[in-house]
Amino acid sequence: MKPRVAVFSFTGCEGCSLAILECENELLGVLNLVDIVRWREAMSETTEDIDIALVDGSISTHAGVKRIKKIREMSKLVIAIGACAHTGGLNAMKNKYGMGEVKEVVYGPDGAEFDTIPARPVSAVVPVEFALPGCPIDREEFLRAIKELCMGKMPKLPNYPVCVECKRKENVCVFFKGQFCMGPVIRAGCGAICPSFGEGCEGCRGFIDNPNKNAHQEVLAEFGLTAQEVMNHFSMFNSYKESEV
Amino acid sequence: MTLRAIDYQAVLALIQSLMQEAKVVAPHQREGERQWSFEEVTEPANVCLEYTSTVLPPKKYAFPTQERFLRYELGESPKAEPIIEAEPLVLFGVHTCDIYALNCLDIAMTDEHVDPNWVARRKQMRIVGVDCLPDEYCFCASMGTATVHEGYDLFLTPVDGGYVVEVATEAGEEMLTNIPTKEATSAQVAQVKAHLNKKMQQEHKLDCDVSTLPLHFSGVADSELWEQHAERCYSCGTCNLVCPTCICYDVLEQLNLALDGGERVRVWDSCMLEEFATVATGENFREERSQRLRHRFFRKYSYLFTRYGQPYCCGCGRCVRQCLVHIDPVPILNDVIAESQKGATVRGA
Amino acid sequence: MSTKCDVNVNVEHITRVEGHGNIVLNVKEGKIEELRLEIVESPRFYEAMLVGRNWYEAGHIACRICGICSISHTTASVHALESGLGIRPSEQTTLMRKLAYYGEMLQSHLLHCYFLAAPDYVGAPSVFPLVSSHPEVVQRALKLKRLANDMCSVIGGRHIHPLSIKVKAFPKLPDKDAVRAVRDRIEEALPDFQATVELFKSFEVPQFERDMEFVCLHDPDEYAMFEGDVIRSSKCGDTRVSDYKQQTREFVVPHSTAKHSQSEVGPYMVGGLARFNVNYDQLHPAAKEAADILGLKPVCTNSIHNNTAQIVECVHSAYTALEDTDRLLDMDWVEEDPAVEAKACRCIGATEAPRGILFHDYTLDDDGYITEANVITPTAQNLNNIEHDMHALVPQILGREPDEIRLLLEMLVRAYDPCISCSTHLLKVEFV
Amino acid sequence: MALNVSTLKAEPNLYTPEMAALTEVVPQTELETLFKFELQSGNPLGHEPGQFVQVSCLGIGEAPISVSSMPCPEPTFDLCVRNVGNVTAALHNMTAGDAVGIRGPFGHGFPIDALKGKDLLFVAGGIGLVPVRSLIQMVLANRDEYAAVTILYGFKTPGEMLFRDEIAQWQEREDVDLRLTVDKPHSDWDGHVGVITTLFPELEIQPDRTKAIVVGPPIMYRFVLQECKLKGIGDDDIILSLERRMRCGVGKCGHCQINNKYVCQDGPVFTYNDIKFMWEAI
Ligand SMILES: Cc1cc2nc3c(=O)[nH]c(=O)nc-3n(C[C@H](O)[C@H](O)[C@H](O)COP(=O)(O)OP(=O)(O)OC[C@H]3O[C@@H](n4cnc5c(N)ncnc54)[C@H](O)[C@@H]3O)c2cc1C
Ligand code: SF4
Ligand code: SF4
Ligand code: SF4
């Protein structure tokens, strides 16, 4: 029996579910392994009998909280895909403003009605079995996870930093080119794609389990960033804090 | 040992002629930066023989960063067969430290069990060395790797008007068959010596003779120095990943999409990474950064040194050059030496 | 059947569009009591996030507004910053960016036409059943989409949230051999684009007409897509990009977390059909030929034909990308210094995203930090027009079965290829 | 001296598993299962007690597992596996007839010759009995070559006891002193209660002729070693088996290194003397 897979989107750019459709060369192979049974962005069919729910986006409304709980109930495995679902992602940057303030300032008096709560990762609302990090998810990592799930193996994320993959690719470290990088404290798995294309890592995959944040703050400062810029580097994808929600 | 003289044009001709028969890899300058890497030569003139150090060592040609070594089929009766991929290769423009490192790994890779993939690649490899001028991170003079006596076919030392080339093997002799060379003049030979003398003048050096290094490690396991030096360490593994004498690897499965077969690959690993020594029960035998840093140093300068009779560090300085928090083997080793000498006095007293 | 009927259509979360929207139609005795397109996507506050960030982070934050059009957002962001900071990128840089840009245009249009819209025309609920019923069509769609994707990734590292498309210059030049390989694949795929035209020719597009205003960028030298000198409207004439607010006047409506827009004269349409109608003369000859085959002529006022215009633009993009890339490959590439000096300035830029004109507007302080930001996405501009279309369409089809009404309304909305998640943060933020 | 690699004999199949068929699955506890295998080549595995093999579930991965049965001329052998991760879980999903890959045997086993004629004290905690079983089987099969045999086996709860039937047989034997203990009192258990060290005070040990074979979790070693010392057993006469993460099994990948030893090459069996100055060992 092929696993029945559904894709759901919450607050985000839907790039992660789109990234699944961007596995053009492999899509037919994936369809041989799994049955896609529900996916609003791509199909009109629907069902409540789901083995694997792939969820992108962060939870940022009361309605979203209800919906993800329902999805949890109807799915055997819930897998968060992408930074928004995994860490809250970029969306959590709004959390530093009070929600009343954001609505008021942004929508004016008409905005009071809109449903918005601080953005949070899926795991902050319901248990998730696994998260595929990245903004967007990495195609290879996604395919590997699908294959492993179909083999009955729980995928495992690397717990080492991006520098490892960056070195294996023999990139010139972007610090030596006058740029800045979060690679030393961020979880690998992306193939160090940013440094490979001349950009510093922005931290979209979240921190490794034991990052040496102090050392990294010192390094960023040593290479010339101001305190505010250092903070911005740390907060771009990783500003969600449980305490703020 | 025969010494000949060869001019720059002839070096280009040499590369060109080698390219006729094998893949030739050599240092190239990277992205307009003062960084180099070994890459396949497509145009001899692009080869950069005056360079400090490449990001990754030429080891990557004997032991690729990612190497498939087993192919298997699943299904009714699963089968597995080895993948051993090797091709004739010339490493052109290798520094003494990197030659030393390859020699080191020959021992480790063949001790007790012979690694088939390593040996297959090494058998088809010819090496043309070139002498360098060290930068502030190199400490090959201290490590005894500023010169190397084996592990190359030709060795070039820059002198006025070109290079003096040492022909070390028959294969080296053959490489020069159609290349115009001259007898090296005594002035040129003197220049080679001068070059070496200059290379030996390194500021960055150990406070002891390299042969005594393992002795100094005997009493420092519990020293605070490991914690002090590890405080800023990211545990990012960069130091190991760029090191020419590191061979630790991890093994991954790569299934094909139909799930009916796949390949097993090995990738470079690092003992500085947190999970390197974690076992299934969750126990981590080197949980602290300082324990991992200590292990890295013990492995290079004590364990493998004692096991194989030579240090597993070639003094190339890559680890500190690439380490963002400047964790440098030399001051650490000097702390080890100081500590052990202090301990010796205390014990002696 | 009497037209004095009661009809209730309630589509919660329209499928095969990007983001969350509902269609609500309530007809009592032939009278429309309620008809609206509800945008229920959670508000995202992108502009709020941009405030306080450094200018060089703008592109990377802004591209996260939308996964489908992240190259367009990057492009608009780069255009805005370059205009504010007074930077003119080199021809080499522009041509490189354009290859990725056309890649995204193709990627987005192909996704929409083959995966989201086509199932309606063959009566399937999604593209997945077509894998077995129309394998050659699906294979072709995947092949073309892969190509489009690689046009993006060969330049920017990846299509979704590209990496090296930066203000002034590329931090790392693309791999020339890889660009050459992609160029050859574009050439090789030209017959597939023709086949695509033939396929869409066979689909019957529902009848519908409504007089409306079309708005897009215009460039005197080329069919404006990547960039344009002015905003051109079929009803209001030309406006400078920096005066975009004269064209797009925004207001909040209660049933939508995205603001609505209108021009001086009312709602307007942006996107493929608008560009086709306004800039038809500048289309690549091959694209004009495709339009002929498809029977699409300017000025076409059936918004469902936006799909058709997208096919025409696919042909245009493929041929133009091929010619541009040939020019790029003829050049000797040089590494350019990407260093930029920040200063206080207002940065306004625009591009034609697949769904229409896209504006980015930032204000920087002396240190290059963003103090104010405004992003206006094409879908946000279209929402008002879609509702007006719905109001025009419903009376024409009232007599039909509710299911058919629902389908037609969905097809209409889908034809706009709305990108709802991008539209929900059209917020002007002035934080103190 | 650099090596001349061209003169070396390569081992082309060093990393290539040989296929073996799973012949029987014998459930043991909730987590552990005994698997019986037969090599397809028809050759015996050729191991010594204490050695391990690298077991491949192709497509999933490879894991080092001790051979749990004594050497025999048939191509069959036992592995007893705890389900803790990917490979071990995949094994648990297999049924008779399925195939796995086997590399090895690797490493150094128990020093049989040194044990001959001695009093043997086996101390096994939990899954530590797995490698020890191969040695016990061999000793019991050649019982007259050894002097007194004492087996201490401790586990957390009665449900975690391995090899029940076999232990019952050992219990029957006059020439084996078998003592079992569970860590905590339990209603299903009327035997000895307490950690394994609580069995020591009652033991009569003649240190000069005793060899202790101690295998268990890291924490057990610390306490049991102390007891052995109290009994006067020499460091050279305490034999243990260590476990580490492992990839290659042949001393290349670096993972199993403990100070200057490779568990896969120099071990997994060590004397306490070998490792007592190694701060990473225990
Ligand atoms: C010499 C030796 C003999 C062993 N004998 C037995 C035995 O007889 N029976 C038995 O059940 N187990 C035995 N083990 C332990 C067994 O190897 C591990 O439990 C097994 O490797 C876990 O693999 P996995 O794929 O199931 O887990 P994975 O999914 O790979 O890993 C789960 C966790 O285990 C860690 N891990 C990875 N590789 C190893 C490894 N080689 N050893 C320990 N942890 C690891 C990982 O870090 C991860 O956290 C032995 C180990 C060694 C070194
Ligand atoms: S570029 Fe970033 S990821 Fe790569 S080595 Fe440097 S710090 Fe690490
Ligand atoms: S020493 Fe430097 S390079 Fe090595 S792990 Fe620590 S931070 Fe990384
Ligand atoms: S430890 Fe550092 S200096 Fe020594 S060989 Fe490795 S990289 Fe070079």
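Quick note on labels: first sequence line is chain A, next is B, and so on, each numbered from 1. Since we're looking at a predicted model, the values are computed, not measured.
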Are side-chain heavy atoms of B/Thr65 and A/Lys169 found at a separation under 4.5 Å? no
Rounded to the nearest 0.5 Å, the CD atom of B/Gln322 sits from the SG atom of A/Cys166 at a distance of 9.5 Å
Decide yes or no on side-chain contact (heavy atoms from CB on, under 4.5 Å) for A/His216 and B/Arg232, but give the supporting numbers first. CA-CA 8 Å; A/His216 199 51; B/Arg232 296 232 301 164; over 6 Å; no
Nearest 0.5 Å, please: how far is NZ in A/Lys167 from OG in B/Ser270? 11.5 Å
If we only count heavy atoms from C-beta on, is the A/Val219 to B/Tyr234 side-chain gap below 4.5 Å? yes
Which atoms of A/Asn210 are under 4.5 Å from chain B, going by heavy atoms: the side chain, the backbone, both sets, or neither? both
Against chain A, work out which of B/Asn256, B/Thr54, B/Val267 has the most heavy-atom pairs shorter than 4.5 Å and name it. B/Val267
Report which part of B/Leu74 has an atom under 4.5 Å of a heavy atom belonging to chain A: side chain, backbone, both, or neither. side chain
Heavy-atom count around B/Glu227 CD within 6.0 Å, excluding the residue itself: above 12? no
In Å, rounded to the nearest 0.5 Å, how long is the span from OG of B/Ser235 to CG of A/Asn159? 10.0 Å
Quick one: does A/Tyr160's side chain get under 4.5 Å of B/Glu274's, heavy atoms only? no
Kindly compute the distance separating CG (A/Asn212) from CD (B/Glu231), expressed to the nearest 0.5 Å. 8.0 Å
Engaged part of B/Gln66 at the chain A interface, taking heavy atoms whose separation is under 4.5 Å: neither
Within a 6.0 Å radius of atom CD on B/Glu50, are there more than 12 heavy atoms belonging to other residues, nucleotides or ligands? no
Is it the backbone or the side chain of A/Glu222 that comes under 4.5 Å from a heavy atom of chain B, or both, or neither? side chain
Is it true that B/Glu253 and A/Arg144 make a salt bridge, defined as a side-chain N closer than 4.0 Å to a carboxylate O? no
Closest heavy-atom pair and its distance - B/Val325, A/Ala215: CG1-CB, 4.5 Å
Specify the closest pair of heavy atoms between B/Leu56 and A/Arg168, including all atoms of both residues, with the distance to one decimal. CD1-O, 4.1 Å
For a quick test of reading the model, state the closest non-hydrogen atom pair linking A/Pro161 to B/Cys236 and the distance between them. CG-CA, 3.6 Å
Sidechain N-carboxylate O distance under 4.0 Å for B/Lys60, A/Glu170: yes
Are there more than 12 heavy atoms of other residues, nucleotides or ligands under 6.0 Å from atom NZ of B/Lys79? no
Mind checking whether B/Leu259 and A/Met151 have side chains closer than 4.5 Å, heavy atoms only? yes
Checking A/Pro211 against chain B: side chain, backbone, both or neither under 4.5 Å from a heavy atom? backbone
Closest approach of B/Leu257 and A/Val30, non-hydrogen atoms and distance? CD2-N, 4.0 Å
So do B/Leu324 and A/Phe223 actually touch side chain to side chain, heavy atoms under 4.5 Å? yes
Can you tell me how far CZ of A/Phe176 sits from CZ of B/Arg321, rounded to the nearest 0.5 angstrom? 10.0 Å
Is B/Leu273 close to chain A through its backbone or its side chain, or both, or neither, when contacts mean heavy atoms under 4.5 Å? side chain
